[in-house]
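Order of appearance sets the numbers: ligands from 1, and atoms from 1 within every ligand. Along the sequence shown, the residues carry numbers beginning at 1. Just so you know, these numbers come straight off a predicted model, no measurement behind them.
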Amino acid sequence: MFKKVEHIGIAVKSLKDSNHLFEKLFGKEHYKIEAVESEGVNTAFFQLGETKIELLEATKDDSPISKFIEKKGEGIHHIAYEVEDIEAEISRLKEEGFTVLNDKPKKGADNKLVAFLHPKSTQGVLVEICQEIN
Ligand code: ZN
């Protein structure tokens, strides 16, 4: 079951510049900066009520974020939905015909297990599903 929009991921060229901009926009500071080595990204998180905004900056040229920015420029990169049982959702979504990019959930930023759906199967929007690690 999908529970809520957990966060929206925004691809940025410079985390430093964008943190400054989003701090001005929201009137509050990010609550964490975290590197996700496996994805080649640095992330910053802002809490807005129940939802978060995740800024993503590439740390290497072959990072998915570098490729995204090359193709589309800075902007919304993915929408992340919190799910109750990520393993069950991966099976369910595959059965429903979605292209799930991860057979097994992997460790993402912000203490989460995550999996992604190919944007081709979700109307052009990269979908992340995530579950808090207890
Ligand atoms: Zn995310």
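Within the structure, side-chain hydrogen bond (donor to acceptor under 3.5 Å, both in side chains) pairs that include any residue of residues 76-100 comprise Lys3-Glu82, His7-His78, Glu54-His78, His78-Glu128, Glu89-Arg92, Lys94-Asp103 (at least two apart or interchain).
A donor-acceptor pair under 3.5 Å is formed between the side chain of Asn111 and the backbone N or O of Ile133. Although no hydrogens or angles enter the test, the distance criterion places no donor-acceptor pair under 3.5 Å between the side chain of Ser63 and the main chain of Val41.
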Only pairs under 3.5 Å count here: list side-chain donor-acceptor contacts from residues 21-30, not counting sequence neighbours, and write none if there are none.
unit_1, atom_1, unit_2, atom_2, d
Glu23, OE2, His30, ND1, 2.9
Lys28, NZ, Gln47, O, 2.6

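The side chain to side chain donor-acceptor pair (under 3.5 Å) test applied to Lys106 returns Glu39, not counting sequence neighbours.
The count of protein N, O or S atoms under 2.8 Å from the Zn ion (ligand 1) stands at 4, with waters excluded from the count.
Comment: Asp110 engages Lys32 in a salt bridge, judged by a side-chain N to carboxylate O separation of less than 4.0 angstrom.
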